[in-house]
Each structure stands twice: as structure tokens, then as C-alpha cells.
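By convention in this document, chain letters (A, B, ...) are assigned in the order of the sequence lines, proteins followed by strands, and residues within each chain are numbered from 1. Not measured: the values here are computed from a predicted model.
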There are 2 protein chains.
Amino acid sequence: MASRTAVKEHDAAREHDHANCRALGQILDRVGDKWTVMAVGALSRGPLRFNVIMREIGAVSHRMLTLTLRALERDGMVTRTAYATIPPKVEYELTDLGRSLIEPLRVLSGWAVENQPTIETARKHFDEAARHLEGVPA
Amino acid sequence: MASRTAVKEHDAAREHDHANCRALGQILDRVGDKWTVMAVGALSRGPLRFNVIMREIGAVSHRMLTLTLRALERDGMVTRTAYATIPPKVEYELTDLGRSLIEPLRVLSGWAVENQPTIETARKHFDEAARHLEGVPA
DNA sequence: CAGTATCCGATTGGATACTG
DNA sequence: CAGTATCCAATCGGATACTG
């Protein structure tokens with residue numbers, strides 16, 4: 001019966017991994033969009049106004065930044081404070097939850113920076129090999 | 001001139017952060033799609049055949065799994081080994097590079113699991129507040 | 001079994017113009 | 001200045017059918 005128990009434990013481990021993957025998948029759905037990490041990165045150094053974030057990111061459209069910040073606010077990652085001045089002024093700031101995300105992202109970012117050259121090389125090899133399987137060697 | 005130097009260092013730090021964000025954004029573009037982390041998760045316990053990965057993930061379509069694995073192979077994250085048997089048999093396995101990605105992902109996954117309840121609550125609050133600003137209180 | 005091709009609906013995200 | 005609404009092209013991804 002020891003083997004049966006081992007199998008069950010193995011299955012349990014797999015279930016657990018699968019659950020982790022789903023949780024990870026869900027946050028990647030949120031954080032893996034085009035602008036979220038840029039916005040979090042900009043806000044990581046302190047509260048900023050809408051247009052400042054926009055300039056820091058550079059290529060983002062007005063509409064997408066609004067949607068990105070709204071989503072972050074909904075998830076409790078940023079606070080939005082509107083001052084009823086003329087012209088209006090709206091400040092965004094990371095919450096504790098938002099700040100707690102920075103470290104995990106930094107880990108991933110470290111991996112990205114460290115391995116980008118390797119990936120670049122792998123892609124070149126792959127693409128070249130693919131080209132040789134088609135037209136070029138003829 | 002000390003202040004000028006300080007400003008320059010601050011700018012340099014910002015540039016650096018921005019570069020990190022772009023690197024991070026690029027790998028999230030690759031890893032943040034619908035199926036990549038699931039595939040990496042399945043392969044994290046050893047080499048697997050195409051259909052086994054497919055069953056482990058569950059909801060993925062045949063086409064998307066092919067595309068996902070092809071992209072991972074192109075980036076040097078998995079190897080693909082085809083055996084010319086009948087029926088054919090193709091095994092996928094994480095490379096060292098692919099395995100090195102697991103830890104960063106696990107960190108993020110840990111964050112996700114730990115903070116999902118908080119996020120869930122924040123969303124409820126936000127959605128309820130939004131509903132009260134429209135029709136409901138009338 | 002694994003891979004490819006085609007089709008098509010759904011989602012994404014930019015451009016633009018308007019509002020308070 | 002910040003936010004919203006509309007429009008539209010591009011991309012994504014599932015279903016299906018066919019091939020070696």
C-alpha cells in the first residue's frame with residue numbers, strides 16, 4: 001500500500017502545481033497586458049499625475065493608460081486621488097499591495113535582463129534553421 | 001554642483017528602471033500569453049509527449065498548444081524530439097534556460113496565491129462602489 | 001499521434017473627438 | 001488636465017478538417 005500512498009502524494013503535488021499555475025495565469029492575465037508593468041514601474045518611485053505617467057511610459061495612448069490605471073485601482077493596487085482644481089489634477093499612487101508586487105516583478109525582470117542575449121541567440125538559430133528547411137538551400 | 005550630480009544619478013536610475021521595465025515587458029509578452037506558463041508548469045516535472053501536455057493543461061486547443069510549444073522552442077526554452085515511429089511520438093523537454101525560468105515564475109505564483117483573496121475583495125468593493133454611483137441608489 | 005491550413009468570432013488597442 | 005465614447009484595424013485563439 002506504500003506505493004498507493006506515494007501515487008496519491010504525487011497526484012496531490014501535481015494538483016497543487018496545477019492550482020499554482022492557474023493562480024499565476026490569472027495574475028499574468030492582469031499584469032501581462034501591454035502597459036501594466038510600465039505603469040507600476042513608473043509609480044514605484046512615488047505618486048504621479050496622469051500625464052506624468054503617460055510621458056514616462058512614452059508610447060501609451062491616453063485611452064489605454066486610463067484603462068490600465070482603472071484596472072489597477074479595481075484590484076486595489078493603486079489609489080486614485082482627484083483634486084477638484086482647475087485644471088483638474090489626479091494623482092495615482094501604489095498601495096501596499098501594489099508595492100508588494102514590485103519585488104516579484106523585479107525577480108522576473110532580473111531573469112529577463114540576464115537571459116535576453118541567450119534568447120536572442122536561440123531565436124536567430126531557430127529562424128535560420130527554419131529558413132534552411134524551406135527555400136534557401138534549393 | 002553636487003545637486004546637479006544628484007539629478008544626473010537620479011535620471012540614470014530612472015533610465016535603468018525603464019530599461020528593466022522594457023525587458024520585463026518583452027518577456028511578459030512571451031510568457032504572459034494564455035498557455036505558456038501552463039506548458040512550462042507541465043514540463044517542469046520532466047519531458048512529456050504532446051498529447052500528455054495537452055491533457056495536463058486541459059482546456060487548450062491542439063492548435064494553440066502547437067504554437068505555444070513552437071514559440072518556447074524558438075526561444076530556446078524547450079527542446080523538441082521527434083521519433084519516426086508509427087504512430088509518431090514527439091517529446092518536449094525544458095532546457096536549462098527553460099528550467100531557470102521556473103524559479104522567478106514560482107516567486108510570482110507565490111505572490112499570486114498569497115494575495116488573490118485581497119484582490120478579490122478589492123474588486124468586490126470597487127464594483128459595488130461603481131454600481132452605487134449609477135443606477136442603484138436612485 | 002502530431003502538425004498544418006483555413007475559417008471566423010472575439011478581443012485588443014490606437015486614433016479621434018467630445019465633456020467637465 | 002483627465003476621462004469618456006466611438007470607430008476601426010490588427011491580432012488572438014477556438015473549431016474543424018486534412019496530412020504524414
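Closest to the B/M64 side chain, of the nucleotides C/dT4, D/dG14, C/dG14, is D/dG14. In this structure, of D/dG3, C/dA2, D/dC1, it is C/dA2 that holds the atom nearest to the side chain of B/F50. The listed nucleotides are C/dT4, D/dA2, D/dT4; the one nearest the side chain of A/V90 is D/dA2. Candidate nucleotides C/dG3, D/dG14, D/dA2 were compared by shortest atom distance to the side chain of B/R70, and C/dG3 ranks first.
Annotation for A/E114: atom CD does not count as buried by contact number, only 12 or fewer foreign heavy atoms lying within 6.0 Å. By the 6.0 Å contact criterion, CZ on B/R30 is enclosed, its count of non-hydrogen atoms from other residues, nucleotides or ligands being greater than 12.
In summary, A/R14 and A/D17 do not engage in a salt bridge, as defined by a charged side-chain N under 4.0 Å from a carboxylate O. Salt bridge status for B/E56 with B/R45: present, with a side-chain N to carboxylate O gap under 4.0 Å.
Between the side chain of A/H62 and the base of C/dG14, no donor-acceptor pair under 3.5 Å is found.
In this structure, the CZ atom of B/R80 is 10 Å from the P atom of C/dA2, given to the nearest Å. Rounding to whole angstrom units, CZ of residue A/R30 and C1' of C/dT11 are separated by 15 Å. Whole-Å rounding puts the B/Y83 OH to C/dA2 P distance at 12 Å. In this structure, the CD1 atom of B/I57 is 13 Å from the P atom of D/dG13, given to the nearest Å. Distance, A/K34 NZ to C/dT11 P: 19 Å, rounded to whole Å. In this entry the distance linking CD1 of B/I86 with P of D/dT19 reads 17 Å, nearest Å. Atom CE in B/M54 sits about 12 Å away from atom C1' in C/dG3, given to the nearest Å. In this structure, the CZ atom of A/R55 is 8 Å from the P atom of D/dA2, given to the nearest Å.
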Evaluate the criterion side-chain contact (heavy atoms from CB on, under 4.5 Å) for residue pair A/L108 and B/V107; output intermediate values, then yes/no. CA-CA 8 Å; A/L108 200 56; B/V107 170; over 6 Å; no
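Residue-to-nucleotide proximity on DNA chain D shows that, of A/L69 and A/R63, the 5′-proximal contact is made by A/L69. Mapping A/S61 and A/P88 onto DNA chain C by nearest heavy atom places A/S61 at the nucleotide closer to the 5' end.
At a threshold of 4.0 angstrom between heavy atoms, the contacts of B/Y92 are confined to the sugar-phosphate backbone, with no base atom among them. Looking at heavy-atom distances under 4.0 Å, B/R49 makes contact with sugar-phosphate atoms alone, never a base.
Base pairing analysis places D/dC12 opposite C/dG9; the two distances defining the Watson-Crick or G-U wobble pair are each below 3.5 Å. In a base pair of the Watson-Crick type (N1 to N3 plus N6-O4 or O6-N4) or a G-U wobble (N1-O2 and O6-N3), with each distance short of 3.5 Å, D/dT19 is matched with C/dA2.
For A/W35, a side-chain nitrogen or oxygen approaches OP1 or OP2 of C/dG14 to under 4.0 Å.
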